[in-house]
Amino acid sequence: RDGDLVPALVIGSGYGGAVTALRLTQAGVPTAVVEMGRNWTTPGPDGDVFCDMHNPDGRSFWFRTETDQPLGYFSGGSTNKEIPSAAGVLDSERFAATRVYQGRGVGGGSLVNGGMAVTPKRDYFEEILPSVDADQMYRTFFPRANAALGVNRIDRVWFESADCYRYTRVSRRTAHDAGFDTVFVPNVYDFDYMKREAANQVPRSALATEVIYGNNHGKRTLDKTYLAAAAATGKLSISPLHTVTDVAPTRGGRYAVTMVRIDVDGTTLATKTVTADRVFFAAGSVGTSKLLVAMKAKGRLSDLPDDVGAGWGNNGNVMVGRAGWDLTGALQSCMPSMGIDNWSDSNGPVFAEIAPFPAGTETWINLYLAITKNPHRGTFRFNTTTGQVDLDWQASWTQPSIDAAKRVFDAINAKAGTIYRSDLFGVYKIWGDDFTYHPLGGCVLNEATDNYGRLPGYPGLYVVDGSLVPGSTGVNPFVTITALAERNVEHVIATDIGG
Ligand code: FAD
């Protein structure tokens with residue numbers, strides 16, 4: 001409520017926020033989480049909390065009148081549909097040269113992502129975050145994160161015959177034929193539930209085109225794992241549909257946090273200011289970076305280091321589709337289970353997730369989200385004319401990612417006698433290079449913050465989310481973000497809070 005005084009306030013309820021909320025509440029610290037999106041617990045008129053990909057409505061996108069799908073085209077035309085503008089679960093935030101997809105709601109990105117739970121390769125982790133003790137990460141914090149997230153592995157015998165993973169087996173075979181390795185990838189989607197979906201024993205979710213607009217069943221999202229455990233301590237409060245707009249120090253050594261409360265249609269209901277002893281920025285790479293850059297420019301937190309806003313990357317994301325000869329299946333699981341691992345290729349490392357194309361009909365399409373090692377880094381800057389924060393990123397900077405992915409998929413096409421689809425990301429556009437699912441950086445650990453996420457000059461301010469990771473982690477990022485938050489928050493509780 002307006003005027004409240006809270007010991008700890010967490011901005012955002014994705015991976016960084018959920019870890020922070022659980023560990024603080026377990027240490028006995030009453031914690032208030034502020035989340036701009038909805039609390040996704042109330043069913044819509046169709047009885048479901050979330051809509052599926054084929055029937056998008058106001059639950060799908062964050063305040064858009066038309067969907068803005070990552071694969072927005074098919075056979076020469078746009079596949080986007082008109083929708084009522086509302087506080088939907090998926091945001092495609094537009095900057096001058098890229099779109100950034102993010103989850104909106106209690107649980108952040110866990111609500112909309114593919115659930116792929118990948119621990120980064122140790123040598124690459126050591127390269128990107130040299131100030132972090134890798135032994136401790138791989139011994140303690142990665143296992144802790146995987147356990148708390150509910151990560152599980154697919155039954156490989158079932159996988160080999162499941163109709164819904166025919167697309168993955170086809171892509172595996174063509175990758176192997178061209179000399180590339182593949183690896184199974186763990187997931188937070190309950191694979192036992194998926195088996196029962198396939199056997200028609202339970203309502204379908206991953207097998208019913210549910211993923212980027214949320215899953216009604218089967219997925220261990222953060223509201224069911226970390227945040228549920230935090231709530232069970234009795235020390236957690238969550239305020240959904242509240243957007244933090246301002247953070248500034250008070251005379252008494254605390255922080256005044258201003259937020260706007262909206263309803264699902266976007267109408268402003270109230271503006272509140274809460275005072276907090278400690279504030280944890282967990283608004284995601286984009287949200288945290290934008291907030292801190294704006295606060296520095298507006299003089300609220302003017303002593304923040306110049307590194308705030310720098311070091312942003314898209315995890316080298318680029319998507320591509322191939323037109324294959326093999327049936328990939330009308331029924332496809334929306335939860336990927338395998339990647340093509342060509343990371344050791346020093347000419348252009350690639351880890352390519354074998355992605356579904358759940359059209360509900362046979363398309364012969366093989367789709368991939370390639371994660372590459374792209375050297376370019378963007379910077380968030382305050383625009384004094386518009387009063388907004390821009391992302392200084394150039395369209396041409398995705399070229400190294402395309403080059404690396406092209407080496408792999410040219411080889412696969414050559415061996416299989418297949419070609420690229422050029423109708424999925426635009427008209428005659430092969431590469432899906434103008435968006436990312438994996439924003440990282442903007443407030444990099446040990447550069448913009450100290451080695452545990454503390455913001456220099458402002459005791460009691462911490463960064464705990466994906467903005468700490470310097471633009472790349474070589475695999476899908478949420479396990480890295482979760483484990484790093486576990487490490488940092490444990491240290492902060494022990495040294496700053498005395499837990
Ligand atoms: P987030 O999870 O983004 O959480 C930030 C939260 O803060 C959000 O809920 C947001 O609404 C809230 N917020 C932002 N600004 C404010 C504000 N001013 N006030 C209040 N609240 C605010 N990663 C994987 O590892 N595996 C995958 O399979 C995978 N698939 C993906 C598929 C899609 C479609 C997308 C979009 C992402 C995917 N990701 C995947 C990426 C992963 O979800 C993100 O890396 C992860 O969610 C980032 O965690 P975070 O804690 O940094 O921030």
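Both ligands and their constituent atoms are indexed starting at 1 by order of listing.
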Classify the ring geometry of Tyr101 against Tyr437: parallel below 30°, tilted from 30° to 60°, perpendicular beyond 60°. perpendicular
Could you tell me which atoms of ligand 1, counted from 1 in the order shown, lie closer than 4.0 angstrom to a heavy atom of Val34? 20 (C), 21 (N)
Does the protein place any heavy atom closer than 4.0 Å to atom 44 (C) of ligand 1? no
Centroid-to-centroid, Phe191 to Phe159, below 6.0 Å? no
Would you check the N or O atoms of Leu291, main chain and side chain alike, for any that come under 3.5 Å of an N or O of ligand 1? no
For ligand 1, is any non-hydrogen atom under 4.0 Å from Pro439's backbone (N, CA, C, O), its side chain (CB onward), both, or neither? neither
Distance-only N or O hit between ligand 1 and Gly114, under 3.5 Å: yes
For Arg99, look at atom CZ and say whether over 12 heavy atoms of other residues, nucleotides or ligands are found less than 6.0 Å away. yes
Any side-chain heavy-atom pair of Asp277 and Val6 under 4.5 Å: no
Would you find a donor on one side and an acceptor on the other, under 3.5 Å apart, between the side chain of Arg454 and the backbone of Asn451? no
Within less than 4.0 angstrom of ligand 1, does Ala485 place any heavy atom? no
Out of Arg38, Gln102, Met116, Glu93, who gets a non-hydrogen atom closest to atom 27 (C) of ligand 1? Met116
Has the side chain of Asp450 got a donor or acceptor atom that lies under 3.5 Å from a matching backbone atom of Leu455? no
Subset of ligand 1 atoms that lie under 4.0 Å from at least one heavy atom of Gly103: 8 (C), 9 (O), 10 (C), 11 (O)
Quiz question: by atom type and distance under 3.5 Å, do the side chains of Asn55 and Asp52 form a donor-acceptor pair? yes
Ignoring angles and geometry beyond distance, decide whether Gly115 reaches within less than 3.5 Å of ligand 1 through its nitrogen or oxygen atoms. yes
Would you call Asp390 and Arg381 a salt bridge, using N to O less than 4.0 angstrom? no
Check the orientation of Tyr193 and His217. Use parallel for under 30°, tilted for 30 to 60°, and perpendicular for over 60°. parallel
Quick one: does His242 get a heavy atom under 4.0 Å from ligand 1? yes
Indicate yes or no: does an N/O atom of Pro477 lie under 3.5 Å from an N/O atom of ligand 1? yes
Is it the case that ligand 1 has an N or O less than 3.5 angstrom from some N or O of Ile11? no
Assess whether a salt bridge exists between Arg94 and Asp68, defined as any Lys/Arg side-chain N lying under 4.0 Å from an Asp/Glu carboxylate O. yes
For ligand 1 and Glu35, I'd like to know whether there is a polar contact (N/O to N/O, distance under 3.5 Å). yes
Out of all atoms in ligand 1, which are within 4.0 Å of some heavy atom of Arg104? Include the element for each. 10 (C), 11 (O), 14 (C)
Can you confirm, on distance only, whether ligand 1 has an N/O atom lying under 3.5 Å from any N/O atom belonging to Gly287? no
Atoms of ligand 1 less than 4.0 Å from Gly466 heavy atoms? 52 (O)
